[in-house]
Amino acid sequence: GDVVEHARKGDMDAQFAAGLIYGEGRGVTIDRVQSFYWLSKAVEQGDSDAERLRLIVGSQMSDEEYDSAMYLLAAEKSAGHWPEGGGRQH
C-alpha cells in the first residue's frame with residue numbers, strides 16, 4: 001500500500017507504520033520478517049519507538065524468521081538497492 005511506498009522512499013514515520021502494520025496484521029497477514037525489517041530501517045534513522053517495538057517483535061520471532069530478516073537487511077546493504085526492485089536503480 002501507500003505506507004510501504006513511502007517507507008521504501010526512506011520516510012521514517014512510514015517505516016515505523018509499516019513495521020506496526022505487519023507486526024499486528026492490520027489489513028495484512030502478520031509478517032514478523034517484514035515488520036522487523038521496516039522497524040530496523042526506522043531504528044537506523046533514530047526512531048526510539050521503532051526500537052521498542054522491534055524488541056517486542058523480535059521476541060516473538062522464530063530463529064528462521066530472524067535469519068530471514070537479517071538476510072533482507074544484509075542483502076540490501078550489499079546490493080545498495082531494494083532486493084525486490086528487480087534491477088539496479090541509478
Within the structure provided, determine whether Glu51 and Leu39 are in side-chain contact (heavy-atom separation under 4.5 Å).
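Answer no - side chains too far apart.
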Considering only heavy atoms from C-beta outward, does the side chain of Gln34 approach that of Leu72 to under 4.5 Å?
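Sidechains of Leu72 and Gln34: in contact.
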Run the side-chain hydrogen bond (donor to acceptor under 3.5 Å, both in side chains) test against Asp31 and tell me which residues pass, sequence neighbours left out.
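Expected list: none.
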Does this structure show an ion pair linking Glu24 with Arg32, if we count only N-O contacts that are shorter than 4.0 Å?
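Result for this pair is no, no salt bridge flagged.
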Any residue meeting ring-ring contact (aromatic ring centres under 6.0 Å, His included) with Phe36, in chain and number order, not counting sequence neighbours
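Scan of Phe36 (ring-ring contact (aromatic ring centres under 6.0 Å, His included), adjacent residues dropped) gives Tyr66.
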Minimal non-hydrogen separation, [X] against [Y], with atom names:
X     : Y     : answer
Phe16 : Leu53 : CE1-CD2, 4.0 Å
Ala18 : Val3  : N-CG1, 3.7 Å
Gly10 : Gln45 : O-NE2, 2.9 Å

Spell out, as yes or no, whether a donor-acceptor pair under 3.5 Å connects the side chain of Glu65 to the backbone of Ser62.
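Yes, because the side chain of Glu65 sits within donor-acceptor range (under 3.5 Å) of the backbone of Ser62.
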For the backbone of Gly19 and the side chain of Ser35, can you confirm whether one donor and one acceptor N or O come within less than 3.5 Å of each other?
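Yes, the answer is positive, given that a donor and an acceptor are paired below the 3.5 Å cut-off.
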In this structure, would Val43 and Trp38 fall into the same cluster of hydrophobic residues linked by side-chain contacts under 4.5 Å?
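No, because Val43 and Trp38 fall into different hydrophobic clusters, even though each may have its own neighbours under 4.5 Å.
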Are Val28 and Val57 connected into the same hydrophobic cluster when the rule is that any two of I, L, V, M, F, W, Y join if their side-chain heavy atoms are below 4.5 Å apart?
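Val57 clusters together with Val28.
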Mind checking the [atom1]-[atom2] spacing from [X] to [Y]? Nearest 0.5 Å is all I need.
X     : Y     : atom1 : atom2 : value
Ser40 : Asp47 : OG    : CG    : 11.5 Å
Ser48 : Arg54 : OG    : CZ    : 12.0 Å
Leu20 : Gln15 : CG    : CD    : 13.5 Å
Ile21 : Ile30 : CD1   : CD1   : 12.5 Å

Holding to side-chain contact (heavy atoms from CB on, under 4.5 Å), I want the full list of residues that pass it with Asp67, two or more places apart in sequence or in another chain.
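Residues passing side-chain contact (heavy atoms from CB on, under 4.5 Å) with Asp67: none at all.
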Verify side chain to side chain contact (heavy atoms under 4.5 Å, CB included) between Met12 and Lys41, making sure each step is shown before the conclusion.
CA-CA 8 Å; Met12 185 177 78; Lys41 300 298 292 176; over 6 Å; no
